[in-house]
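Whatever order the structure lists them in is the order used to number ligands and atoms, beginning at 1.
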Amino acid sequence: MGKIAVIGAGKWGQALHFALSQKQECFITSRTKKDIRNFVDLEFALNCEYLVIAIPTQEIKNWLKENFIFKEQKILVASKGIEATTGEFLNEIYSSFVPNENIGFISGPSFAAEVIKGLPCALVINSTSKKIYEEFSKFFPTFIKPYYSSDVIGAEIAGAYKNVLAIASGICEGLNLGKNAQASLIARGLVEMQRFGKNFGAKKSSFLGLSGAGDLFLTANSTMSRNFRVGLGLATNKKLNTILDELGEVAEGVKTADAIFKLSKEYKIYTPIANEVKLILDGKNPQDSLKDLLKN
Ligand SMILES: NC(=O)C1=CN([C@@H]2O[C@H](COP(=O)(O)OP(=O)(O)OC[C@H]3O[C@@H](n4cnc5c(N)ncnc54)[C@H](O)[C@@H]3O)[C@@H](O)[C@H]2O)C=CC1
Ligand SMILES: O=C(CO)COP(=O)(O)O
């Protein structure tokens with residue numbers, strides 16, 4: 001196994017660094033120096049053969065333009081989201097910098113706070129190249145079970161969409177609408193993300209497995225989710241800026257809601273739940289959204 005480094009030392013980057021340090025040395029870097037074992041500068045990290053990139057989706061294109069130098073590294077993308085300004089998927093953004101056979105995308109239910117404690121979970125490495133799965137899975141610790149899928153777009157859409165649905169579920173909980181409503185919302189959300197994904201060539205099975213149902217059930221049912229907590233805040237009429245300031249970490253669903261709204265309009269895809277989340281984020285009263293969802 002060659003050298004491996006994690007780029008981005010937020011919650012997920014640090015949890016992955018912990019996990020990938022179990023079998024061999026793993027390096028980590030971020031834009032500000034952090035007191036973490038094996039912290040290195042970016043130049044050192046870019047010279048490693050394997051890179052795991054955990055930078056928020058909305059920042060990634062600029063980061064790649066300004067910092068990335070392709071040196072035949074194999075890359076595992078750990079972010080979940082869709083670029084809001086362009087509606088571009090992560091695999092489209094990365095394709096300008098890294099060839100397909102060198103890149104994979106991680107998906108599945110994985111709260112960083114549990115991974116960093118060494119609690120067990122199952123994840124998917126999605127890549128058009130099975131070799132990427134085989135090489136990266138060798139680094140995984142015994143408490144993570146890695147699966148392989150070639151459905152990159154399915155995993156990406158599932159991982160991005162569930163964040164928007166977690167906001168919706170947080171709103172539902174914050175409004176005290178009950179467990180029936182929440183289960184209905186999550187189940188219809190799963191159908192909705194599958195419909196959206198189908199438009200872009202995603203496989204149905206990705207939505208029923210770890211990347212879709214697995215991550216959706218996790219995130220839409222727990223206050224451990226940042227996106228769910230955004231929803232809770234919106235239900236109490238807190239201003240979005242205040243919610244995000246208090247959160248202090250990225251909640252990808254906020255910008256991904258804009259991206260889905262834009263793409264579903266462009267491709268004429270029926271996405272009622274994601275649309276209402278976007279409208280609530282823009283100031284619509286959640287009770288009015290509820291009425292509209294029940295009516296349509
Ligand atoms: N926290 C979790 O449980 C999981 C997070 N993810 C995904 O991983 C990605 C990162 O999430 P977290 O680490 O949890 O977020 P975080 O908010 O804890 O950390 C984000 C990190 O990105 C860095 N960053 C922000 N803008 C940057 C820029 N322009 N250039 C370089 N670095 C920049 C920040 O300094 C910070 O270290 C997100 O897409 C998230 O959806 C995926 C699975 C689990
Ligand atoms: O993607 C995640 C777990 O799989 C983390 O979700 P949040 O970003 O909502 O905390």
Select the closest option to [atom] among [options], judged by heavy-atom distance.
atom                    : options                       : result
atom 22 (O) of ligand 1 : Pro56, Ala113, Ser225, Pro109 : Pro56
atom 7 (C) of ligand 1  : Ser30, Gly248, Ala78          : Ala78
atom 17 (O) of ligand 1 : Val250, Leu218, Thr32         : Val250
atom 44 (C) of ligand 1 : Gly108, Gly8, Ser110          : Ser110
atom 39 (O) of ligand 1 : Glu252, Glu66, Glu114         : Glu252

Distance-only check: which donor-acceptor pairs under 3.5 Å involve side-chain atoms of residues 143-150, not counting sequence neighbours?
unit_1	atom_1	unit_2	atom_2	d
Tyr148	OH	Ser127	O	2.8
Ser149	OG	Asp151	N	3.0

Taking the basic N atoms (NZ, or NE/NH1/NH2) and the acidic carboxylate oxygens, is any pair closer than 4.0 Å for Lys33 and Asp41?
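Salt bridge between Lys33 and Asp41, a charged N being under 4.0 Å from a carboxylate O: no.
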
Less than 4.0 Å between a side-chain N and a carboxylate O, is that true for Glu49 and Lys3?
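So Lys3 does not pair with Glu49 through a salt bridge.
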
Begin with the C-alpha distance, continue with both residues' side-chain angles, and end with the deciding distance and a verdict on salt bridge (charged side-chain N to carboxylate O under 4.0 Å, His left out) for Lys262 and Glu83.
CA-CA 11 Å; Lys262 181 182 159 70; Glu83 193 176 74; over 6 Å; no

Other members of the hydrophobic cluster containing Leu119, with the 4.5 Å side-chain heavy-atom rule, please.
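Members besides Leu119: none; it forms no cluster.
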
Give me the one residue out of Val40, Ile36, Leu16, Val52 that meets side-chain contact (heavy atoms from CB on, under 4.5 Å) with Ile28.
Ile36

Does NZ or CZ of Lys131 fall inside the cone over Tyr133's six-membered ring, less than 6.0 Å from its centre and within 45° of the axis?
no

Quick one: does ligand 1 sit under 4.0 Å from the side chain of [X], the backbone, both or neither, non-hydrogen atoms only?
X      : answer
Arg226 : side chain
Lys80  : both
Trp12  : both

Is any side-chain heavy atom of Ile260 closer than 4.5 Å to a side-chain heavy atom of Lys278?
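A side-chain contact under 4.5 Å is absent here.
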
Starting from [atom], find the nearest protein heavy-atom neighbour and note its residue, name and distance.
atom                    : result
atom 10 (C) of ligand 1 : Ala54 O, 3.9 Å
atom 37 (O) of ligand 1 : Gly10 N, 3.1 Å
atom 30 (N) of ligand 1 : Trp63 CD1, 3.6 Å
atom 18 (O) of ligand 1 : Lys11 N, 2.9 Å
atom 3 (O) of ligand 1  : Ala112 N, 2.8 Å
atom 29 (N) of ligand 1 : Glu59 OE1, 3.3 Å
atom 33 (C) of ligand 1 : Arg31 NE, 3.5 Å
atom 9 (C) of ligand 1  : Ser79 CA, 4.0 Å

Ligand 1 atoms in contact with Phe111 (distance to a heavy atom under 4.0 Å):
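Counting atoms of ligand 1 from 1, those under 4.0 Å from Phe111 are 3 (O).
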
Which of the numbered atoms in ligand 1 are under 4.0 angstrom from any heavy atom belonging to Ala9?
37 (O)

Run the numbers on Thr219 and Ser225 for side-chain hydrogen bond (donor to acceptor under 3.5 Å, both in side chains), then give the verdict.
CA-CA 5 Å; Thr219 320; Ser225 157; 5.3 Å; no

Ring pair (Phe, Tyr, Trp, His ring centres under 6.0 Å) evaluation trace for Phe97 with Phe70
CA-CA 7 Å; Phe97 301 87; Phe70 182 59; over 10 Å; no

So which heavy atom on Thr57 is nearest to which on Glu252, and how close?
N-OE2, 2.8 Å

Does the gap between the ring centers of Tyr270 and Phe196 come in under 6.0 Å?
no

Looking at the rings of Phe27 and Phe39, which for Trp means the six-membered one, are their centres under 6.0 Å apart?
no

Partners meeting side chain to side chain donor-acceptor pair (under 3.5 Å) with Lys238 (sequence neighbours left out)
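Lys238: side chain to side chain donor-acceptor pair (under 3.5 Å) contacts with Glu246.
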
Using modelled atom types and a 3.5 Å cut-off, is there a donor and acceptor pairing between side-chain atoms of Glu25 and backbone atoms of Ser21?
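It does not hold such a pair.
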
Quick check on ligand 2: any N or O pairs to the protein under 3.5 Å? One line per pair.
unit_1	atom_1	unit_2	atom_2	d
ligand 2	1 (O)	Lys80	NZ	2.9
ligand 2	1 (O)	Lys162	NZ	2.7
ligand 2	4 (O)	Lys80	NZ	3.0
ligand 2	4 (O)	Ser110	N	3.0
ligand 2	4 (O)	Asp215	OD1	2.7
ligand 2	6 (O)	Lys162	NZ	3.4
ligand 2	8 (O)	Arg226	NE	3.0
ligand 2	8 (O)	Arg226	NH2	3.1
ligand 2	8 (O)	Asn227	ND2	3.3
ligand 2	9 (O)	Ser225	OG	2.7
ligand 2	9 (O)	Arg226	N	3.2
ligand 2	9 (O)	Asn227	N	3.1
ligand 2	9 (O)	Asn227	ND2	2.8
ligand 2	10 (O)	Arg226	N	2.9
ligand 2	10 (O)	Arg226	NE	2.7

